[in-house]
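Note sheet for the following structure.
Here the structure is a predicted model, which means the values were calculated and not measured. Below, chain A is the first sequence line, B the second, and so on; all start at residue 1. Side-chain atoms are counted along with the backbone in the values below, which use heavy atoms only and exclude waters and symmetry mates.
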Amino acid sequence: MAGKIKAIRGMRDILPPETTRWQAVENAAREVFRVYGYREIRLPVIERTELFARSIGTETDIVSKEMYTFADRHGDSLTLRPEATAAVLRAVLENGLDKAAGVKKLYTLGPMFRYERPQKGRYRQFHQINCEALGSDAPELDAEVILMLSDILKKVQLGASRLLVNSLGCPGCQAEFKAGLSQFLMSKEGLCEDCQRRRVTNPLRVLDCKSVHCKEILTDAPVLKDYLCPDCAAHFARVLELLSRFGVTYEEQPRLVRGLDYYTRTAFEVVAVGLGAQDAVAGGGRYNGLAQELGGPELPAIGFAIGEDRLMEVLPENLGQNAGKTVFLAALGDPAKDQAFSLLQALRQEGIAAEMDFSGKSLKAQMSLADRLAADYTVILGDRELETGKANLRRMATGDQQEVSLSLLPMVLAGL
RNA sequence: GUGGGCGUAGCUCAGACGGUAGAGCACCGGGUUGUGGCCCCGGUUGUCGCGGGUUCAAGUCCCGUCGCUCACCCCA
């Protein structure tokens, strides 16, 4: 144990049967994306460091202290992606996808990396399901994206959760709010150390400080909603109206600002109960200025990320475990084994999950194995069966057994 | 980066005052010369995280170290 090489800190193996649940979630997401017109994009997990620095914001925790950054052999500074949006946008601009007609709807799945101290629901390599809709500032799109997220979460049977929404305004009103907030914060004593720094560098971040003392001070801080310009206010109202119309329950959360600098207007988060401190299973928002920030054209967009690792923690244990039937072939003696192997392949070609033992176990041991593999049926094949041309077909749940002609077995099993 | 808890068999864990390592589960075999799940019997598995110290003797005490975990922070 001492000398064995282990997975590195904050990274882990996801093993069966757990992987079945992951597949169920990913399949559900793909299906929902399909009906909403989203298509998959696959991206590198490494990008130039500058991409993230410019998009996420140098003052954010992600960029300032959580990135896996290293120099490659040519001395270029590269970073394991801490999130997907910047990379999606880079790919869109680089490949000219933004020039296509209509709203560009993309999704992507995969690992992200952040160098943080691991804890429950927080890993250094974690997995996200991401979607991005680019090319429209219409509030209907905001609503659609949130509805789609809601559909996915419903489909995977997420239990108790809350949807928090807020509007961060456009650069215009957000700047005004920041100024007002800044003034307010500067006039206050006793903010925590972090917030004293943040009130200068990024006053919005102070709003979701967890310190009870800071929260107290913030109770009569200016509220973003009061600062929204008419356009932003109307946009937000329309989004909320649509959510209500489709029966999505949400909570307005005026303190929700999120950790990335690029968000504008709609921001939202889904928190699950029973997850401990890291309870956000999904989060997202609009990022109208990001494309230009990255040297592209004006390209209003909105997206979200689902944290798969966290989501798994609260989903039903048996998610996706309703596989089709399994057949086990128990063979006695070499001639029967040989025959069984042919049958094994015949069943598999029919799409039936079939297994047998190659090691020459006793029938008892093979039955036991069939049981542990959760076989629904076991075919027993020995010299006697080879002679009569009929195998014993045993239904494991009941123990009922019947003789079936060997040549008919694949057909009979397919029909069960 | 900061704090708390914990590191004993593949897994979950027990090991009062230091005396030379156990249980359950799992796994393999037998009870049934060709029939699983229950039951019974037998068997395999450990550098007691690592290093050092105290001691006749350390899983047990002390120091250090590494790892895991939860929380702060932050976020998916």
Can you tell me if A:Tyr36 and A:Asp151 form a side-chain donor-acceptor pair at under 3.5 Å? yes
Rounded distance in Å between the P positions of B:A9 and B:G53: 25 Å
Salt-bridged, A:Lys105 to A:Glu144, with N to O below 4.0 Å? yes
What interatomic distance, in whole Å, is found between P of B:C6 and the corresponding atom of B:C74? 28 Å
Could you run through nucleotides 35-43 of chain B and give me one letter per nucleotide, 5' to 3': B if any protein heavy atom sits under 4.0 Å from the base, S if only the sugar-phosphate is that close, - if neither? BBB------
Pair A:Arg372, A:Ser368: side-chain N/O donor-acceptor within cut-off below 3.5 Å: yes
Expressed in whole Å, how much space separates the P atoms belonging to B:G59 and B:G42? 29 Å
Nearest-angstrom distance, P atom, B:C28 to B:U54: 47 Å
Rounded distance (Å) that lies between atom P of B:C74 and atom CD of A:Glu83: 18 Å
Distance, P atom - from B:C25 to B:C38, rounded to whole angstrom: 10 Å
For nucleotides B:G49 and B:U44, find the distance between their C1' atoms and express it as a whole number of Å. 24 Å
Within residues 116-129 of chain A, the residues having a heavy atom closer than 4.0 Å to RNA chain B are A:Glu116, A:Arg117, A:Gln119, A:Lys120, A:Gly121, A:Arg122, A:Tyr123, A:Phe126, A:Gln128
When rounded to whole Å, the CD to C1' distance for the pair A:Gln366 and B:C28 reads 15 Å
Side-chain touch A:Phe113/A:Val45, heavy atoms, less than 4.5 angstrom: yes
Nearest-angstrom distance, P atom, B:G7 to B:U12: 12 Å
Taking atom C1' of B:C74 as reference, at what distance in whole Å does atom CD1 of A:Ile56 sit? 13 Å
Check every strand shown and say whether A:Ala370 touches a base, only sugar-phosphate, or nothing at a heavy-atom separation below 4.0 Å. nothing
Electrostatic pair A:Lys225:A:Glu252 at N-O distance under 4.0 angstrom: yes
5'-most by nearest nucleotide on RNA chain B - A:Gly276 or A:Ala305: A:Gly276
Mind telling me if B:A16 is syn or anti? Syn here is a glycosidic angle within 90° of 0. syn
Basic-acidic side-chain contact under 4.0 Å: A:Arg162, A:Glu251: yes
A:Lys6 NZ to B:C50 P, in whole Å, measures 12 Å
Please determine, by modelled atom types, if A:Asp142 and A:Thr266 share a side-chain donor-acceptor pair under 3.5 angstrom. yes
Are more than 12 heavy atoms from other residues, nucleotides or ligands located less than 6.0 Å from atom NZ of A:Lys154? no
Could you give the side-chain donor-acceptor pairs of residues 389-398 of chain A under 3.5 Å, partners two or more places apart or in another chain?
from     : atom 1 : to       : atom 2 : distance (Å)
A:Asn392 : ND2    : A:Glu385 : OE2    : 3.1
A:Arg394 : NH1    : A:Gln401 : OE1    : 2.6
A:Thr398 : OG1    : A:Asp400 : N      : 3.2
A:Thr398 : OG1    : A:Asp400 : OD2    : 3.2

Quote, to the nearest angstrom, the C1' distance that separates B:C48 from B:A21. 8 Å
Under a 3.5 Å cut-off on both pairing distances, which runs of 3 or more consecutive Watson-Crick or G-U pairs involve RNA chain B? B:1-7 with B:66-72, B:10-13 with B:22-25, B:27-31 with B:39-43, B:49-53 with B:61-65
How many whole angstroms separate atom CZ of A:Arg9 from atom C1' of B:C68? 8 Å
Strand-adjacent residues in residues 29-48 of chain A, judged by heavy atoms under 4.0 Å from RNA chain B: none
Return the value, rounded to whole Å, for the distance between atom CD of A:Glu313 and atom P of B:U69. 11 Å
From CG of A:Asn130 across to P of B:A76 the rounded distance in Å is 10 Å
Do A:Phe33 and A:Tyr107 have their ring centres less than 6.0 Å from each other? yes
Side-chain donor/acceptor of A:Gln366 to backbone N/O of A:Ala331, under 3.5 Å: yes
With a 4.0 Å cut-off, would you call A:Arg122 and A:Glu116 a salt bridge? yes
Going by distance alone, is a donor N or O of one side chain under 3.5 Å from an acceptor N or O of the other, for A:Glu50 and A:Ser77? no
From CZ of A:Arg114 over to P of B:C73, roughly how many Å is that when rounded to an integer? 17 Å
Is a salt bridge present between A:Glu313 and A:Arg310, judged by a nitrogen-to-oxygen distance below 4.0 Å? no
Of A:Gly283 and A:Ala277, the one whose closest nucleotide on RNA chain B sits nearer the 5' end is A:Ala277
Side-chain atoms of residues 336-347 of chain A: list all donor-acceptor pairs with protein atoms under 3.5 Å, sequence neighbours left out, distances to 0.1 Å.
from     : atom 1 : to       : atom 2 : distance (Å)
A:Lys337 : NZ     : A:Phe358 : O      : 3.0

